[in-house]
Amino acid sequence: MGMVADRIALLSADITQLQVDAIVNAANSSLLGGGGVDGAIHRAGGRAILDECIKICERQGGCKVGEAVITTAGNMPARYVIHTVGPVWTRSKSGADNLLAHAYENSLKLAVENAVKTIAFPNISTGIYHFPKDKAAEIAIGTVKTFLDGHEQLDKVIFVCFDEENYSIYEQILSS
Ligand code: AR6
């Protein structure tokens, strides 16, 4: 594949509609669903996703912040959903940056392990979890670029923005 920048794309879209190998879900540690993009993914994908999440919970007791698990995408056009858990933003917790980076990195590792070539990320933690959007975008883009540099087998990483503010932040960082 080509240079790292050519393998990154920015899209304003509903992530549940995308025809990619894997879409990433900004889940919570219970893996049992919630609001935001998590709710949208479970609604669009159907019961099969929840069934697999329940099995994973029985096996390993949910998913820790910064970690990731993989399930079917059910009725959606994608093949897999990679569920990761971003950190809740709190001023006092200095570890949040690293945990957000881990959420991206562990999702990418799981993608490679499952022969995923195209993957789409939502803006993890920037909704209900209140992570500052500009800071989150810097971490997301930096982590993805570093990972792509060392993993030629990944063809495309798409950053999917659902709100205009995130889209313009990503546009600016990616063009600079
Ligand atoms: N497609 C793409 N992006 C979306 C979509 C969609 N259909 N819907 C929302 N977004 P959030 P978090 C964007 O709140 O902050 C859930 O209850 C949204 O605009 O979904 O990581 C979980 O169960 C925002 O930019 O996730 C957890 O409890 C981004 O997705 C908690 O929320 C992430 O917002 C996780 O909070």
Side-chain angles (χ1 to χ4, degrees), residues 8-47 49-54 56-57 61-71 73-91 93 95-108 110-111 118-141 143-144 156-174:
I8 292 177
L10 177 62
L11 207 58
S12 172
D14 173 357
I15 204 166
T16 65
Q17 305 295 310
L18 300 186
Q19 225 156 24
V20 287
D21 292 334
I23 63 170
V24 176
N25 182 17
N28 60 65
S29 288
S30 83
L31 292 178
L32 300 180
V37 70
D38 194 9
I41 285 173
H42 278 275
R43 269 195 306 277
R47 178 76 204 191
I49 298 176
L50 186 60
D51 286 342
E52 285 189 27
C53 284
I54 291 168
I56 292 166
C57 287
C63 182
K64 293 198 186 87
V65 178
E67 295 186 356
V69 302
I70 192 165
T71 68
N75 302 324
M76 291 182 288
R79 210 148 37 106
Y80 302 114
V81 176
I82 293 175
H83 306 260
T84 189
V85 184
V88 178
W89 176 256
T90 52
R91 262 169 235 280
K93 241 170 105 184
D97 290 20
N98 276 330
L99 289 169
L100 185 60
H102 284 142
Y104 279 92
E105 199 186 344
N106 285 322
S107 298
L108 291 165
L110 206 47
T118 54
I119 181 169
F121 280 97
N123 307 132
I124 301 167
S125 285
T126 68
I128 293 163
Y129 282 177
H130 290 299
F131 207 102
K133 290 178 181 174
D134 49 353
K135 205 170 159 68
E138 292 282 0
I139 293 166
I141 293 167
T143 306
V144 164
K156 195 69 110 188
V157 175
I158 304 168
F159 290 111
V160 181
C161 299
F162 206 56
D163 59 273
E164 274 177 39
E165 195 187 353
N166 263 316
Y167 189 88
S168 54
I169 289 169
Y170 272 78
E171 206 173 29
Q172 204 185 337
I173 298 172
L174 288 170

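Counting starts at 1 for both ligands and their atoms, in listed order.
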Peer 1: How far is atom 36 (O) of ligand 1 from the closest protein heavy atom, and which atom is that?
Peer 2: Tyr129 CG, 3.4 Å

Peer 1: May I ask whether Ser125 places a heavy atom under 4.0 Å from ligand 1?
Peer 2: yes

Peer 1: Check this for me - ligand 1, Ile128, N or O atoms closer than 3.5 angstrom, yes or no?
Peer 2: yes

Peer 1: Which residue supplies the protein heavy atom nearest to atom 3 (N) of ligand 1, what is that atom called, and how far is it?
Peer 2: Phe162 CB, 3.4 Å

Peer 1: Does any non-hydrogen side-chain atom of Phe159 lie less than 4.5 Å from one of Val144?
Peer 2: yes

Peer 1: Closest by any non-hydrogen atom to atom 34 (O) of ligand 1: pick that one out of Ala13, Gly39, Gly127, Ala136.
Peer 2: Gly127

Peer 1: What are the atoms of ligand 1, with element, lying closer than 4.0 Å to any heavy atom of Gly34?
Peer 2: 17 (O), 23 (O)

Peer 1: How about Ile49 and His83: do any of their side-chain heavy atoms sit closer than 4.5 Å?
Peer 2: yes

Peer 1: Numbering the atoms of ligand 1 from 1, which are under 4.0 Å from a heavy atom of Ala26?
Peer 2: 21 (O), 22 (C), 26 (O), 35 (C)

Peer 1: Evaluate the side-chain proximity of Pro122 to Val160: yes if any heavy-atom separation is below 4.5 Å, no if none is.
Peer 2: no

Peer 1: How close does the nearest protein non-hydrogen atom get to atom 1 (N) of ligand 1, and which residue and atom is it?
Peer 2: Ile15 N, 3.0 Å

Peer 1: Please could you name the atoms of ligand 1 that Gly35 approaches to less than 4.0 Å, counting only its heavy atoms?
Peer 2: 16 (C), 17 (O)

Peer 1: Got Met76 and Ile23 here, is their nearest side-chain heavy-atom distance under 4.5 Å?
Peer 2: yes

Peer 1: Under 4.0 Å from any heavy atom of Asn166, which atoms of ligand 1 are there?
Peer 2: 25 (O)

Peer 1: Mark yes or no for whether Ser29, through its side chain, and Cys63, through its backbone, hold a donor-acceptor pair below 3.5 Å.
Peer 2: yes

Peer 1: With a 4.5 Å limit on heavy-atom distance, are the side chains of Ile119 and Asp21 in contact?
Peer 2: no

Peer 1: Given Tyr104, which partner from the list Thr143, Ile141, Val24, Thr84 fulfils the side-chain contact (heavy atoms from CB on, under 4.5 Å) test?
Peer 2: Thr143

Peer 1: Heavy atoms, side chains only, cut-off 4.5 Å: are Leu10 and Ile158 in contact?
Peer 2: no

Peer 1: Could you tell me the separation between the CG atom of Leu99 and the CZ atom of Phe131, rounded to the nearest 0.5 Å?
Peer 2: 9.0 Å

Peer 1: For atom 25 (O) of ligand 1, find the nearest protein heavy atom and state the residue, atom name and distance (0.1 Å precision).
Peer 2: Thr126 OG1, 3.0 Å

Peer 1: Number the atoms of ligand 1 from 1 as they appear, then name those within less than 4.0 Å of a heavy atom of Ala40, with their elements.
Peer 2: 7 (N)

Peer 1: What is the nearest protein non-hydrogen atom to atom 29 (C) of ligand 1, stated with its residue, atom name and distance?
Peer 2: Asn123 O, 3.3 Å

Peer 1: Report yes if the side chains of Val157 and Leu108 come closer than 4.5 Å at any heavy-atom pair, otherwise no.
Peer 2: yes

Peer 1: For atom 9 (C) of ligand 1, which candidate among Asp14, Leu31, Val37 provides the closest heavy atom?
Peer 2: Val37

Peer 1: Which atoms of ligand 1 have any heavy atom of Asp163 under 4.0 Å away?
Peer 2: 19 (O), 25 (O)

Peer 1: Pull out every atom of ligand 1 sitting under 4.0 Å from any heavy atom of Asp38, numbered as shown with elements.
Peer 2: 22 (C), 23 (O)

Peer 1: Are Leu100 and Asp97 side-chain neighbours, meaning at least one heavy-atom pair lies under 4.5 Å?
Peer 2: no

Peer 1: Which of the numbered atoms in ligand 1 are under 4.0 angstrom from any heavy atom belonging to Asn28?
Peer 2: 22 (C), 23 (O), 27 (C), 28 (O)

